Amino acid sequence: MSLEHESSARPASMDIDSLVAIDVHTHVHRSVNAPSDDPEGNEHLAAMAAYFRTAAAAFTVDDLAAYYRERHMAAVTFTIDVKDQPADPARSTSEEIAERARDNADVIIPFGSVDPARGAEGVAMAKRLIEDYGVKGFKFHPSAQAFYPNDRAAYPLYEVIEAAGLPALFHTGQTGAGAGTRGGGGIRLAYSNPMHLDDVAVDFPDMPIILAHPSFPWQEEALSVATHKPQVYIDLSGWSPKYFAPILVQYANTLLKDKVLFGTDFPVLTPERWMSDLEKTAIRDEVKPGIFKNNAIRLLGLDKPA
């Protein structure tokens with residue numbers, strides 16, 4: 001195959017006008033190189049499926065792209081880097097996600113993930129993911145990675161992200177990870193109080209920050225940070241909208257209508273279920289275009305020349 005033919009065979013760049021929505025929070029759990037007979041899950045995924053009462057299938061990047069392409073949606077996707085997690089060749093990496101995103105650029109927006117516990121090695125990883133792999137942002141999970149977001153040990157990583165003009169997405173609130181397992185799987189919820197990110201927003205005013213999920217039991221803290229700090233957004237993933245707290249709906253309709261984002265936490269929630277359940281809320285029709293797509297376009301710079 002010639003290079004010219006190979007290039008023309010790749011999907012076109014993202015056509016944002018044709019998209020129904022942009023899901024800013026999806027996970028890839030499975031490597032494209034995993035053996036074909038490898039089971040599509042493990043103890044962690046099984047626990048997540050039980051917590052969300054859904055089917056937590058292990059999608060590859062290519063699976064995810066096909067799924068969202070069929071629905072005329074785009075998706076931000078990532079894995080979570082945990083320094084001391086045992087190696088697993090069946091699990092995707094940030095590098096693989098970014099590589100496969102190149103061939104699925106019409107629907108996939110790759111984020112990287114680096115555990116702050118990696119120190120200088122992690123800073124080098126972040127630079128490489130930006131410069132060599134072209135990631136469009138970074139995902140942090142304070143509870144899974146066992147760090148407070150305002151710990152100064154993480155600041156060298158944020159410096160790299162801010163310098164590149166990229167957003168950082170942080171898990172906040174309770175997590176399905178470890179839920180129902182012995183000792184919660186060692187996961188400590190306090191790391192994910194969104195108020196820790198108020199310090200980060202002060203110290204890195206040019207780094208967009210996404211507070212992932214309705215931040216139970218700290219919903220008001222999340223709303224406070226997002227209304228006070230201009231570069232802080234909230235994604236609405238991981239919860240069915242019918243369970244949104246009234247105060248979250250109130251702010252999404254008013255003060256934060258330009259800073260709330262559609263997200264599912266796929267594969268534990270599907271876009272169809274999320275959208276259907278949104279109709280059962282008091283979210284106003286006039287703010288839905290912003291939630292579904294326009295706020296993400298602006299935040300991610302998708303309306304700017306590549």
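Computed from a predicted structure; not experimentally measured. What's counted below: heavy atoms across the whole structure, side chains too, no hydrogens, waters or symmetry copies.
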Go through the steps for Asp277 and Lys280 under the test salt bridge (charged side-chain N to carboxylate O under 4.0 Å, His left out), then give the verdict. CA-CA 5 Å; Asp277 286 353; Lys280 302 168 187 175; 3.2 Å; yes

Between Glu279 and Lys288, does any NZ, NE, NH1 or NH2 come within less than 4.0 Å of an OD or OE carboxylate oxygen? yes

Is it true that, when you exclude Lys293 itself, more than 12 heavy atoms of the residues, nucleotides or ligands shown sit nearer than 6.0 Å to its NZ? yes

Is it the case that the ring center of Phe140 lies less than 6.0 angstrom away from the ring center of Tyr158? yes

So that I can tick it off, tell me whether Lys83 and Glu121 are bridged by a salt bridge, with the cut-off set at under 4.0 angstrom between side-chain N and carboxylate O. no

Backbone of Val232 reached by a side-chain donor or acceptor of Lys259 within 3.5 Å: yes

Tell me if the centroids of the rings in Phe147 and Tyr191 come within less than 6.0 Å of each other. no

Donor-acceptor pair, distance only, cut-off 3.5 Å: does the side chain of Glu162 make one with the backbone of Asp206? yes

Check this for me: does any side-chain nitrogen of one of Asp132 and Lys127 sit under 4.0 Å from a carboxylate oxygen of the other? no

Test side-chain hydrogen bond (donor to acceptor under 3.5 Å, both in side chains) on Ser215 and Glu221 and set out the steps. CA-CA 8 Å; Ser215 305; Glu221 285 88 335; over 6 Å; no

For atom CD of Glu95, is the number of surrounding heavy atoms from other residues, nucleotides or ligands below 6.0 Å larger than 12? yes

Looking only at heavy atoms, what is the nearest atom pair of Asn150 and Asp199, with distance? ND2-OD2, 2.7 Å

Please step through side-chain hydrogen bond (donor to acceptor under 3.5 Å, both in side chains) for the pair Ser143 and Ser192, ending with a clear verdict. CA-CA 6 Å; Ser143 289; Ser192 292; 2.8 Å; yes

Charged N-O contact under 4.0 Å between Asp81 and Lys139: no

Determine, using ring centers only, whether Phe204 and Tyr155 are less than 6.0 Å apart. yes

Step through it carefully: locate the ring centre of Phe78, locate the ring centre of His27, and say whether they are under 6.0 Å apart. yes

Yes or no on salt bridge (charged side-chain N to carboxylate O under 4.0 Å, His left out) for Lys257 and Glu286, after CA distance, side-chain angles and deciding distance? CA-CA 10 Å; Lys257 64 182 180 180; Glu286 58 266 31; over 6 Å; no

Using 4.0 Å as the upper bound for N to carboxylate O, is an ion pair formed by Arg298 and Asp303? no

Any chance you could lay out the side chain to side chain contact (heavy atoms under 4.5 Å, CB included) test for Trp218 and Met195, step after step, and finish with the verdict? CA-CA 8 Å; Trp218 302 293; Met195 191 55 70; over 6 Å; no

State yes or no: are the ring centers of Phe262 and Trp274 separated by less than 6.0 Å? yes

Decide side chain to side chain contact (heavy atoms under 4.5 Å, CB included) for Leu64 and Phe266; before the verdict, give the C-alpha distance in whole Å, the side-chain angles of both, and the deciding distance to 0.1 Å. CA-CA 9 Å; Leu64 187 78; Phe266 186 85; 3.5 Å; yes

Exercise: do Thr172 and His213 side chains pair donor with acceptor under 3.5 Å: no

Evaluation steps, side chain to side chain contact (heavy atoms under 4.5 Å, CB included), between Ser94 and Met125: CA-CA 10 Å; Ser94 292; Met125 284 176 61; over 6 Å; no

Using side-chain hydrogen bond (donor to acceptor under 3.5 Å, both in side chains), reason through Thr26 and Asp23 one step at a time and then give a plain yes or no. CA-CA 7 Å; Thr26 72; Asp23 188 338; 5.8 Å; no

Exactly one of Asp63, Asp106, Asp15 should register a salt bridge (Lys or Arg N to Asp or Glu O under 4.0 Å) with Arg69. Which one does? Asp106

Output, in order, the C-alpha distance, side-chain angles, deciding distance and verdict of side chain to side chain contact (heavy atoms under 4.5 Å, CB included) for Ile109 and Leu302. CA-CA 10 Å; Ile109 303 165; Leu302 298 178; 4.0 Å; yes

Is it true that Thr60 and Asp62 share a donor-acceptor pair across their side chains at a distance under 3.5 Å? no

Taking the side chain from Gln145 and the backbone from His141, do they hold a donor-acceptor pair closer than 3.5 Å? yes

